[in-house]
Asks: 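Below are the structure tokens for one structure; questions will follow.
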Amino acid sequence: MKRTSRDIRTANRYGVLRHVVAASPVSRQELAAATGLSLATVANLVGELLGLGMLVEVGFEDSDGGRPRGLVAVNSSKGALIGVDVAETYIHAELFDLTLTVRARADAEVRPEENDPAEVVARIAAAVSSVVQQAGVAADRVLGVGVSVPGQVDREGGVSVFAPNWDWHDVPLLRLLAEHLPHPLHLDNPLRACTVAEQWFGAARGRDDAVVVNLGTGVGAGLALGGTLHRGVSNSAGEWGHTTLVLDGRPCHCGNQGCVEGYAGAPGIMRTLRELSPDSPLLHPDGQTATIEALGRGLAEGDPVAVKVVHTTARYLGAALADLVNLLNPELIVLSGWVAATLGEPLLAEVREAVAVRALRRPLANTEIVLCPIPSNPVSLGAATFALEGSLASVGPKNRRTSPRWRGTPV
Ligand SMILES: [Zn+2]
């Protein structure tokens, strides 16, 4: 896809807003320095964002001997954004103001067998309605809802193309959701949501080449290359969880065998535990979350089985991450997702060692591996920033005809 001048203008507008969110209040001069755009371009874009009510003038600051500089800030009360993290084991919705500060939350557990699309859709809609109600926001002030679902998605069509752990094929998710919700809807997956959250608010801020590895039931990598989210030609880049780690290895939901996910995803870690210690009390046969949490507690208590399971998992993960290091030479790898959050520092330490054993020295020399530092849920935060991006692309004087936002026409 070619980038048109309109795309570039939308991206610049988004870039300016991103810096205002990060550094509010801020002058146009500071924005020009931070974005690398000319002062005239920044002044123009700020004018547009003021016109849209996304920004407000908040006063002046003295500049050394020069004229006082006008300061702008995000107009937090202009509207609300909602981000929903739909995972195989839970649904988590958050409502944000325009500074991306959380104003309300709603959670629901999902059992693995409760994966009928109609049921999942009803529960997403209920979670969204709940946060809108809790925050006391009028429906027409919700600028957009970003929904992240596992697997591959067609974001333009609003379709979940393939969710291997649910066996979903071509589920028209946004059309189904639009039957329940009146808001503009945006779809993507957790790999890209996590990556955008890290770029805006987390470890990848100011880093050009970063890989955000999502460890949950599924496994994948979000790629920020050259400072930009890399989507690939069909929004499918980063399906590293389904690259082959073990030839003829464990069967995977995707139809392949020996995928990274089969060793580093929660069900894969459970299988490793079962193989090492079939009768371990750490094993909760029906509960991924309960088992990973038990492993986390076991690590803290020095339980030898837990230590062994995490060591084995880190060796698999380290080998697969070394491929990413050799292939992409990233500045940063972020371990994100609920499994990484639960196993925390002990997993990180083992992973760093395992990567060092496998990766080539030169590409690895400048690669830092860290845990996700975002204190709240990075997926719902990232999903909300997609909604913000969508609302920016769909409004404004020059962009009326180019809305990528899903408008509710049947697909
Ligand atoms: Zn697979």
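Start at 1 and go down the list; that is how both ligands and their atoms are numbered.
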Asks: Relative to the Zn ion (ligand 1), which of the N, O or S atoms in His242 is the closest?
Replies: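 Nearest N/O/S atom: ND1.
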Asks: Classify the side-chain pair Asp167/His169 by whether it contains a donor and acceptor separated by less than 3.5 Å.
Replies: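 There is such a pair (donor and acceptor under 3.5 Å, judged by atom type) between the side chains of Asp167 and His169.
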Asks: Taking the Zn ion (ligand 1) as the vertex, what is the angle from SG of Cys252 to SG of Cys254, given to 10 degrees?
Replies: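 Nearest ten degrees: 110°.
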Asks: Will you find, in the side chains of Arg9 and Thr41, an N or O donor that is under 3.5 Å from an N or O acceptor?
Replies: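 Judged by distance alone, the side chains do not pair up.
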Asks: Regarding Arg297 and Glu301, does a basic nitrogen lie under 4.0 Å from an acidic carboxylate oxygen?
Replies: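 Judged by the 4.0 Å cut-off on N to carboxylate O distance, Arg297 and Glu301 do not form a salt bridge.
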Asks: Of all the atoms in His253, is at least one N, O or S atom closer to the Zn ion (ligand 1) than 2.8 Å?
Replies: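 So His253 does not count as coordinating the Zn ion (ligand 1).
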Asks: Report yes or no: do Ser277 and Asp279 form a side-chain donor-acceptor pair below 3.5 Å?
Replies: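 Per modelled atom types, Ser277 and Asp279 side chains form no pair under 3.5 Å.
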